[in-house]
Amino acid sequence: MKARRDIFLKIVAVVCLLCAVAATASAKRRNINYDESKVPNYTLPNPLVCNDGTKVTTVEQWEKQRRSEILQMLSKEIYGETPEARLKTKCKVVAENRNALGGKATAQQVMFTFSRKGKKHQALALVYYPNNRQGRVPVFVGYNFKGNHCVTADEWVLYSPYFDRLEERNHKLLQRGTQIERWPVELIIERGYAVVTMCYHDIYPDIVPRKAKPSDEMRLSNLLPVTDDEGCRWQAIGVWAYGLSRMADWVVKQPWADKDKLCVIGHSRQGKAALWAGAQDERFRVVISNNSGCGGAALSKRVIGENVEFITRQFPHWFCRNFTKYSKREHALPFDQHFLLALVAPRHLYVASATADRWADPKGEYLATYHSSPVFELYGMKAVSSKQMPKVGEDVQNDVGSHIREGKHAILEYDWRRYLDFCDKVFKR
Ligand code: GCU
């Protein structure tokens with residue numbers, strides 16, 4: 001009893017701390033550049049020139065040499081190294097509703113129990129797949145921010161383990177359906193897709209370690225060895241990306257899922273993780289970044305909106321430590337985020353922004369997409385060919401997609417509709 005109360009008090013303290021951090025963050029945001037005329041001159045490194053200066057002109061050279069050079073560079077300098085050691089994973093359907101959404105879907109809750117060397121870690125997925133289907137269906141895999149119970153108001157949904165620790169059962173954090181607008185599940189089902197989501201806190205609690213130190217046991221990475229080089233140790237984004245791949249491990253075994261039609265999707269910080277997951281795990285055929293900004297789809301070298309100094313200070317638990325070397329030194333980065341996007345080729349990438357989300361630098365997100373194009377084109381794909389952003393409300397739906405929506409930082413039904421159209425096109429549905 002006492003232990004549970006302690007945990008509860010800790011979580012409340014953390015929430016207060018997060019609010020305080022948010023307040024400081026907004027104060028610091030005042031020193032951020034939003035003026036396009038103050039963007040420094042910058043030169044983007046070429047994704048198609050190898051570290052030894054060789055130009056990549058064939059798919060073979062890209063796949064044999066350059067792709068892995070870029071993966072290594074990003075592991076070492078920004079996201080940290082993903083361990084190769086394997087976890088044991090047991091997945092158990094702990095609840096099922098074959099009549100969800102008025103009979104349109106089967107919903108399941110799946111408990112993932114990861115184990116290695118005597119340690120265990122649990123995370124809970126919420127799954128919806130269409131009942132009315134011919135054959136296997138494509139699947140969206142992505143995290144939610146506030147627990148599975150934020151996706152729907154349905155009382156049947158169990159609390160994600162991270163939130164289930166709260167003793168006070170009518171706590172604000174346990175309110176249901178608080179992020180329903182981000183998850184148009186019925187639309188996704190009606191369009192013939194499945195969706196699998198999990199709370200990212202279950203995999204690595206997103207707690208700023210300034211004062212509250214989350215216990216190691218709460219992180220999936222606690223089960224895995226870390227690299228000796230402290231500068232390239234993975235942190236939250238690396239572990240979240242890894243968690244997305246563990247969700248994919250389960251999805252590909254399901255009789256209703258088309259393992260060749262997996263899409264990974266993420267909003268904002270979860271978009272950063274989705275991109276890194278999509279870069280590493282080639283099972284994801286479509287990789288979707290929604291307003292992922294700095295450290296996601298946006299170019300860092302433009303130093304407009306959120307920058308490396310801000311992000312590594314405010315969220316020291318997201319990237320590997322080496323990334324802080326580029327605080328106020330974006331010009332020294334040996335890569336930029338177009339390298340990350342290029343790793344998705346020859347699969348399909350979609351990068352979306354919102355007009356009022358200047359913090360995430362919509363133009364920088366678009367330019368990174370544009371500058372990743374040569375790698376998609378090496379495969380004969382039609383990427384994003386114009387340096388001009390699409391008009392607000394008009395989307396680019398080539399082999400690579402992009403749109404800029406009117407409005408603020410969010411993932412809305414409008415965005416999902418664009419993603420569904422894009423996936424229909426990619427999967428020829
Ligand atoms: C903060 C952070 C961003 C992040 C965003 C989010 O604004 O600075 O980098 O993308 O939170 O995840 O909502």
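No experiment lies behind these values; they were computed from the predicted model shown. In each ligand, atom 1 is the first atom listed, and ligand 1 is the first ligand listed.
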Crowding at CG, Asp228 (>12 non-hydrogen neighbours, <6.0 Å):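 No, the 6.0 Å shell around CG holds no more than 12 heavy atoms from other groups.
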Parallel, tilted or perpendicular: ring planes of His317 versus Tyr204, cut at 30 and 60 degrees: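 If you compare the ring of His317 with that of Tyr204, the planes turn out parallel.
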Mind checking whether [X] contacts ligand 1 via backbone (N, CA, C, O), side chain (CB onward), both or neither, at a 4.0 Å heavy-atom cut-off?
X      : result
His409 : side chain
Lys272 : side chain
Arg269 : both
Trp318 : side chain
Asn291 : neither

Aromatic Tyr200 / basic Arg269 pairing, under 6.0 angstrom, 45° off normal: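 Ring-cation test returns no.
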Ring-face cation of Arg246 near Tyr242 (centre distance under 6.0 Å, axis angle within 45°): yes
Please could you name the atoms of ligand 1 that [X] approaches to less than 4.0 Å, counting only its heavy atoms?
X      : value
Ile311 : 9 (O)
Phe315 : 1 (C), 2 (C), 8 (O)
Ser268 : 4 (C), 5 (C), 6 (C), 10 (O), 12 (O), 13 (O)

Salt-bridge contact Arg191-Asp421 (side-chain N to carboxylate O under 4.0 Å):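 A salt bridge links Arg191 with Asp421.
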Salt-bridge present (Arg302, Glu36; N to O < 4.0 Å):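 Between Glu36 and Arg302 there is a salt bridge, with a charged N closer than 4.0 Å to a carboxylate O.
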Glu306, any N or O under 3.5 Å of ligand 1 N or O: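 There is such a contact, yes.
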Sole candidate of Asp202, Thr197, Leu126 that passes side chain to side chain contact (heavy atoms under 4.5 Å, CB included) when paired with Ser160: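 When Asp202, Thr197, Leu126 are each tested with Ser160, the side chain to side chain contact (heavy atoms under 4.5 Å, CB included) holds only for Asp202.
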